[in-house]
Amino acid sequence: MREGELFGSWTERSQIFRNRELLRPSYLPERLPHREEQIGRLARILSFPLRGETPSNVFIYGKTGTGKTATVRYVLGELEKMGRKLNRGIKGIYLNCERVNTRYRVLATLTNSLLNGTSSVPTTGWPIDVLYETFLRVLDSEERVLIIVMDEVDRMVVKKGDEVLYDLTRVNSELERAKVSVIGISNDARFTHYLDPRVRSSLGEEELVFPPYDALQLRDILEERASGAFQPGALEGGVLSLCAAHAAREHGDARRALDLLRVAGELSEQEGAMRVTLEHVRRAYEKLEEDKMVEIVRTLPSQSKLLLFSLLLLVERGAEKVTTGEVYEAYRRVSLQKGLDPLTPRRVSDLLSELEMLGVVSTRILNSGRYGRTKEISLNLPTRQLRKMLEGDGMLLPHTVSLLRQAKLGGWEWTGEAW
DNA sequence: AATCCACAGGAAGCCCGGGAAC
DNA sequence: GTTCCCGGGCTTCCTGTGGATT
């Protein structure tokens with residue numbers, strides 16, 4: 001191979017993309033179409049520190065991909081810029097409560113962020129009250145307004161980290177020079193019901209709702225990004241509309257629309273096509289769906305995998321739709337065969353509901369009068385695909401393969417009273 | 001009209017691992 | 001290190017349900 005040949009063809013300028021980074025979820029655009037109203041309101045609320053006053057706490061909710069995080073980051077960035085210009089100490093700290101989800105971690109992260117690397121508190125070990133005192137002292141060491149953004153704040157409650165919300169919404173009374181305001185972001189509107197009433201009223205001083213985008217708005221967003229992301233003329237007519245339409249059906253998720261467009265672009269690039277076609281979008285949609293499923297199945301607990309495997313065997317044997325009792329019996333057999341204690345029907349019923357929520361199976365209640373009332377269960381993905389996923393599983397592999405072999409050879413009685 | 005099937009799904013409590021508190 | 005506590009997975013026990021059958 002001649003020098004440079006291996007990477008040579010990949011360094012040429014893409015026919016399709018100009019800058020694909022613009023399509024990534026982490027990219028923060030300069031303009032956020034159809035969020036002018038939310039940006040305006042948030043800016044008004046957060047403008048108080050520019051006059052030396054404390055802004056209200058804000059609670060924001062909206063489904064995934066409705067621009068919550070982008071809007072907040074954008075407004076906060078502008079605010080900090082303005083603060084520097086006017087020489088006001090304004091600092092925004094962004095926390096993702098998916099990871100930073102306990103009282104300790106929140107306080108430690110905030111403190112470290114304020115210390116700016118000069119020194120730090122350890123990630124574990126300190127008594128919580130000492131940590132809290134340290135946080136107060138560091139925070140109050142200078143005149144400033146601290147705006148704490150807590151993204152996915154609903155995760156805190158699950159982890160019982162909501163005490164820290166109480167700390168933070170009440171902290172102002174203990175501060176001399178600094179002021180704190182909290183922006184909570186959640187995609188679950190009911191989440192506030194679980195909060196301590198005092199926290200709820202304090203956090204909800206101002207509420208901002210981000211409605212889902214409709215198809216036309218999604219199209220605008222895509223257009224905005226696509227002009228920079230793609231080479232001129234690289235998109236076939238209707239591509240953007242199709243991406244938008246797909247995403248609009250799934251509760252107006254802009255992230256989804258952008259993913260779709262990016263993957264469609266990547267597919268067309270891979271096959272050396274001149275432009276992105278509607279067919280590429282269709283395949284991108286399938287790819288994303290499949291990737292999602294693979295990930296879901298892969299991360300399933302082993303009992304659920306076993307259950308799913310039992311269902312798979314039944315479906316492969318020609319049963320289109322299966323009742324709860326049948327799946328349970330199959331599952332019980334497979335478990336025993338593997339030398340495992342089967343779970344009770346009650347538990348399996350819950351596992352089935354979980355599988356349904358994840359979209360792996362569909363169920364519907366079936367009434368057969370005298371012959372009882374049960375759920376009719378069907379698989380939501382092709383058997384071949386599912387089998388591939390399950391066979392790739394380390395835990396199941398040695399046993400399942402032999403089970404499959406037995407099943408194929410007819411070594412099992414899969415029908416009738418032999419069960 | 002009463003019965004009864006084959007479950008659905010709620011309530012309570014057990015067990016266990018892991019992390020916080022002492 | 002020990003103790004305590006909590007949450008998740010699970011079981012046990014239970015009540016509820018719609019319509020074919022009696």
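Note: hydrogens, waters and symmetry copies are ignored here, and every other heavy atom, side chains too, is used. Order of the sequence lines sets the chain letters (A, B, ...), proteins ahead of strands, with each chain counted from 1.
- At whole-Å resolution of the value, CZ in Arg364(A) and C1' in dG9(B) are 19 Å apart.
- Rounded to whole Å, the distance from CZ on Arg346(A) to P on dA12(B) is 14 Å.
- Looking only at atom types and distance, the side chain of Glu356(A) has a donor-acceptor partner in the side chain of Thr363(A) under 3.5 Å away.
- Rounding to whole angstrom units, CZ of residue Arg347(A) and C1' of dT11(C) are separated by 10 Å.
- With rounding to whole Å, Glu376(A) atom CD is found 14 Å from dA6(B) atom C1'.
- When each of dC7(B), dC10(C), dA8(B) is scored by its nearest atom to the side-chain atoms of Thr323(A), the top-ranked nucleotide is dC7(B).
- Counting non-hydrogen atoms of other residues, nucleotides and ligands closer than 6.0 Å to CZ of Arg384(A) gives a total of 12 or fewer.
- Contact check on Lys287(A) versus Glu290(A) returns no salt bridge, with no Lys/Arg side-chain nitrogen under 4.0 Å from an Asp/Glu carboxylate oxygen.
- The phosphate of dA6(B) (OP1 or OP2) has no side-chain N or O of Lys375(A) nearer than 4.0 angstrom.
- A salt bridge does not link Arg256(A) with Asp259(A): none of the charged nitrogens is closer than 4.0 Å to a carboxylate oxygen.
- Taking the centre of each ring, Phe210(A) and Tyr61(A) stay at or above the 6.0 Å mark.
- Residue Tyr132(A) contributes atom OH, which lies 20 Å from atom C1' of dA20(B) at whole-angstrom precision.
- Side-chain contact annotation: Thr64(A) with Asn187(A), donor-acceptor N/O pair under 3.5 Å absent.
- The separation between Glu329(A) atom CD and dC7(B) atom P is 10 Å, rounded to whole Å.
- In this structure, Thr344(A) reaches the dT11(C) phosphate: one of its side-chain N or O atoms is under 4.0 Å from OP1 or OP2.
- Atom CG of Leu351(A) and atom C1' of dG9(C) are 9 Å apart (whole Å).
- Here dA8(B) presents its P atom at 13 Å from CG of Leu355(A), a figure rounded to the nearest Å.
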If the sugar-phosphate is the primed atoms plus P, OP1 and OP2 and the base is the rest, what is the B/S/- string for nucleotides 16-22 of chain C, using protein heavy atoms under 4.0 Å? -BBBBSS

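- Figure legend: cation-pi geometry between Arg35(A) and Tyr213(A), with NZ or CZ positioned under 6.0 Å from the six-membered ring centre and within 45° of its axis.
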